[in-house]
Each structure stands twice: as C-alpha cells, then as structure tokens.
Novice: 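Got a structure for you, written out below as structure tokens; questions coming shortly.
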Amino acid sequence: MQYQRSSTLFKAAQEVIPGGVNSPVRAFKAVGGTPIFVEKAAGAYLYDVDGNRLIDYIASWGPMILGHVYEPVIKALTETAKKGTSFGMPTALETQIAKLTIDMIPNMDKIRFVNSGTEACMSAVRLARGYTYREKIIKFAGCYHGHSDSFLIQAGSGAVTFGTPNSPGVTQGTAKDTLLAPYNNLDRVKAIFEEHPEGIAAIIIEPVAGNMGCIPPQDGFLEGLRALCDQYGALLIFDEVMTGFRLAAGGAQERLNVSADIATYGKVIGGGLPVGAFAASNEIMNHLAPDGPVYQAGTLSGNPLAMAAGLAMLNALNDQPEMYDRLDKKTERLHLGMEERIAGTELPYQINRFGSMISLHFTNTPVIDFATAAEGNNDFFKAYFHGMLKEGIYLPPSAFESYFLNDALTNDDIDYTLDAFERVIKGL
Ligand SMILES: *Cc1c(COP(=O)(O)O)cnc(C)c1O
C-alpha cells in the first residue's frame, strides 16, 4: 500500500498543529510510521486519501457501532441542519434524547448533556464532591477518564502511550486528591478507604476497562466497590464513555448488574458527533445548577445537530436489541479465530474480550491491570500493527487500546481479517 498523500498531508499538518493531530494517539507515535488520513468511510470500511480501503476495527474509538455513514443518523443530521445549527436556547430534541437515554439505562432519573467524555467525567466528579462535601477521589491506574487534571494521574490510552502518565501542568494540589489503586484490586481500595474514611467523594472506574487494552472486571470486583462506597458514604461513578450503549442498551450497569450512583457517557451517545453526558438519581442531580449549587454549563451543550445524531443512533439501538448479541458473536468469531491461529506459534499472547471490545497483548501473563498490560512486548505489537495495516486492516495504533467492533462488519470481513492475522503473526 502507498501512503504518499497521507505522508504529505501529515507533514503539512505538523507545521500548524502540534504533532500534526488534534488528539495524540492519532499520531502513531507508539507504532511509528505515518498516520493515515481519511478521505471517507462507509459501513465497516475506511477509505484513505491514497485510495486504500481499510477494514475498520476502531469505529472512531467506539461511536460508529452500527458502521460509518449510518443512514438514519445522516438523515437526522441533514434535516436538522436545515433548521439551524445552534441557538443557545432549549429545543425539544434535548428532552427527547434525555427521555430515551433514561429509559435505556438502568437506575438514573436525570441526565445532563455536554460535549465530550472528558467534560462528562470532570463534571461528574465535581458533582460527587459537591454532593458529599468531600475532596478525594479514587481512580485506577490505566483507566482513562478524559484529559481533565484530576484524571491525568496514571491515565491509560494516549497518556501512557506517550510515557507521560503524570502530565506537566497538573498541579500537586490536584494530584494529591486523586488516590490510585490497581484495577481489579479490591484490597487496595479497602486500604485507601480505611486511611481516609471520611475523605473520599467518589470512586471513578471504567466498569470494563478499555484504555489499557480491554480488561474485564474480575468476579466480585465491581460489587465490592459498590459495597465499599455504601459503607463509607462515597459515590460510585461508572465511566461508561466506552461501555455505554455498547455492552448493552443499558451499558455495563445492565450487562454486569451493578448500579452506579453517577454514570458518564460519550462516544456512542453522540452517533459520531461530539457529545458527552452524565446521569444520576434526582437526589444527586438536584445539586446541579440551576437547581443546585454545583456549577456546570456549555454554550454548545445540547446542540441540535449533536442531539439529532445521538437520538437517531440511540433509537436505532433501542429498536434492535438483537444487535448486541450479533455484535458479540462477531467479536467472538474474531477472538476464537485469533486464538486458534496464534496458539500454534511460539508467540506470547493474551486475548482479552468483553462483549464487542477485544485486545491482543503479547505477554504470557494474564492481563488484569495496568502493570500486566504494560508487560506486553511492544516490538511485537508494532510489527503486528503494521503487518495488519499492510493487509488493509486498521487496528488501534497502540497496545493500550481496545478494538471496537461495529455491526457493519460481515463474517467475510472477519474471516479475511483472520487470514491476514495468520500471515502477519507467522512473520513476527
Ligand atoms: C474516550 C474516553 C473518555 C474521554 O472522552 P472524550 O470524548 O475523548 O473527551 C473518557 N472515558 C473513557 C472511558 C473513554 O474511553
């Protein structure tokens, strides 16, 4: 494959945009080489500016769960745009999507829409602090909750890819209020609570981690966090920016049957437009402005285009609950196929999967937290990534990311991917 045009565009971008990209992981630093510039996409395929077709296993990091250029979303967008693109005033669309999300997700009475997952998580933590009158939060090493200051403490995703887990610019004052525990380690969380019995406002967690590869919670882990929060009067925040509307219509809360006090959303909820949201009970949400003292606002929050796209996406998901099973089966097909092919080699490997999230780690140690994810051999990963790319398959350009399958992928696409996989791993 040729990447002439991508390469030229990347050079031009680097002159005017830091690193040539508007979000670091896109720059391919973890794998080397030139980022691919996209011309367009359709269904399960990306078409780059050099005319290559790629099978897409990222789905814009999750949102395109039904494939690219999904007709009902495009139709909603074009029809809405003709009526105006932003008013800074309420529209009925906002109530419609709020009602639908509250119906789909368990356990929540009200939802506030924002513009990104980062904003949702940042606001959820402020709300938790304002509600509990406590300052500290517990987060897990390798979990990513957006790039707001409190979360850039051993964050996953791009933050670890770049070896700057503690970003300059985050003050000591902020960092001291973020207490860290390893994922899947209930004892450490217990110890933190014992040390600060009245200091912890909330635990924030990815209920299935997706920013250090895919790491499912071990049996009893989330239930244990729930019980500790109840015991110590802290709130449990599920960051469902990845898992929401992906693992089930009701996200991880539904799929894993554990209730959060606040849940945050992003990615799928916007149908490909910049949307985030956070939801909670009336009792908690009553603390949010304008009803309560915890301030949160946004000029473009609830933007009509974003709401129309999100509403069309969520309606489509709500109308076809069988889609989730189908998507899980496709992911299982990929998983079993990869397992079968790699098991016969000498390569160290772990494949983690939950629902339609999956990741391959080049290590023999079970990957259950950040430390074990970091044991993966990055030289193998780089060669694997570029090998697959040459075969026309676009995987996340970092070992610390999950693949996100989309419903436009056919079994043929997956089988083609598996054939390519076999060739690529033989060459490692
Ligand atoms: C992507 C992501 C975020 C941040 O969302 P943005 O829209 O990129 O700000 C937060 N939490 C999780 C779990 C994510 O995967």
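We count ligands from 1, going down the list as the structure has it; atoms in each ligand are counted the same way.
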Novice: When you measure from the heavy atoms of E119 to every atom of ligand 1, does any distance fall below 4.0 Å?
Specialist: no
Novice: Using a 4.0 Å cutoff against the non-hydrogen atoms of M242, which atoms of ligand 1 qualify?
Specialist: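 Counting from 1, the qualifying ligand atoms are 15 (O).
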Novice: Could you walk me through whether Y265 and I105 pass the side chain to side chain contact (heavy atoms under 4.5 Å, CB included) test, one step at a time?
Specialist: CA-CA 11 Å; Y265 298 92; I105 62 186; 3.4 Å; yes
Novice: For V367, is there any backbone N or O sitting under 3.5 Å from a side-chain donor or acceptor partner on H361?
Specialist: no
Novice: To the closest 0.5 Å, what do you measure between SG (C214) and OH (Y403)?
Specialist: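 Here the rounded value is 11.0 Å.
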Novice: For ligand 1, note which part of H145 has a heavy atom under 4.0 Å away: side chain, backbone, both or neither.
Specialist: backbone
Novice: For the atom pair CG (L225) and CD1 (I237), what is the distance rounded to the nearest 0.5 Å?
Specialist: 12.5 Å
Novice: Quick check on contacts: which atoms of ligand 1 are under 4.0 angstrom from a heavy atom of S116?
Specialist: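 Within the 4.0 Å cut-off of S116, ligand 1 contributes 7 (O), 9 (O).
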Novice: Just so I know, are the side chains of F245 and I269 near enough to count as touching, which here means a heavy-atom distance under 4.5 Å?
Specialist: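 Answer yes - side chains close enough.
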Novice: Ion pair present between R5 and D50, side-chain N to carboxylate O less than 4.0 angstrom?
Specialist: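 Not counted as a salt bridge, because no side-chain N and carboxylate O are separated by less than 4.0 Å.
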Novice: What protein heavy atom lies closest to atom 14 (C) of ligand 1? Include the residue and the distance to one decimal.
Specialist: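 The closest heavy atom on the protein side is K267 NZ, 2.9 Å.
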Novice: Would you mind checking which non-hydrogen protein atom is closest to atom 6 (P) of ligand 1, with the distance to 0.1 Å?
Specialist: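 The closest one turns out to be G117 N, 3.5 Å.
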Novice: Can a salt bridge be assigned to the pair D261 and R226 using a cut-off of 4.0 Å between side-chain N and carboxylate O?
Specialist: yes
Novice: Got the closest protein heavy atom to atom 8 (O) of ligand 1, with its distance?
Specialist: T118 OG1, 4.5 Å
Novice: Considering heavy atoms of the protein only, find what lies nearest to atom 11 (N) of ligand 1 and give residue, atom and distance to 0.1 Å.
Specialist: D239 OD2, 2.6 Å
Novice: Is it the side chain (CB and beyond), the backbone, both or neither of N211 that lies under 4.0 Å from ligand 1, heavy atoms counted?
Specialist: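 Just the side chain.
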Novice: Any idea which atoms of ligand 1 are less than 4.0 Å away from a heavy-atom of E206?
Specialist: 13 (C)
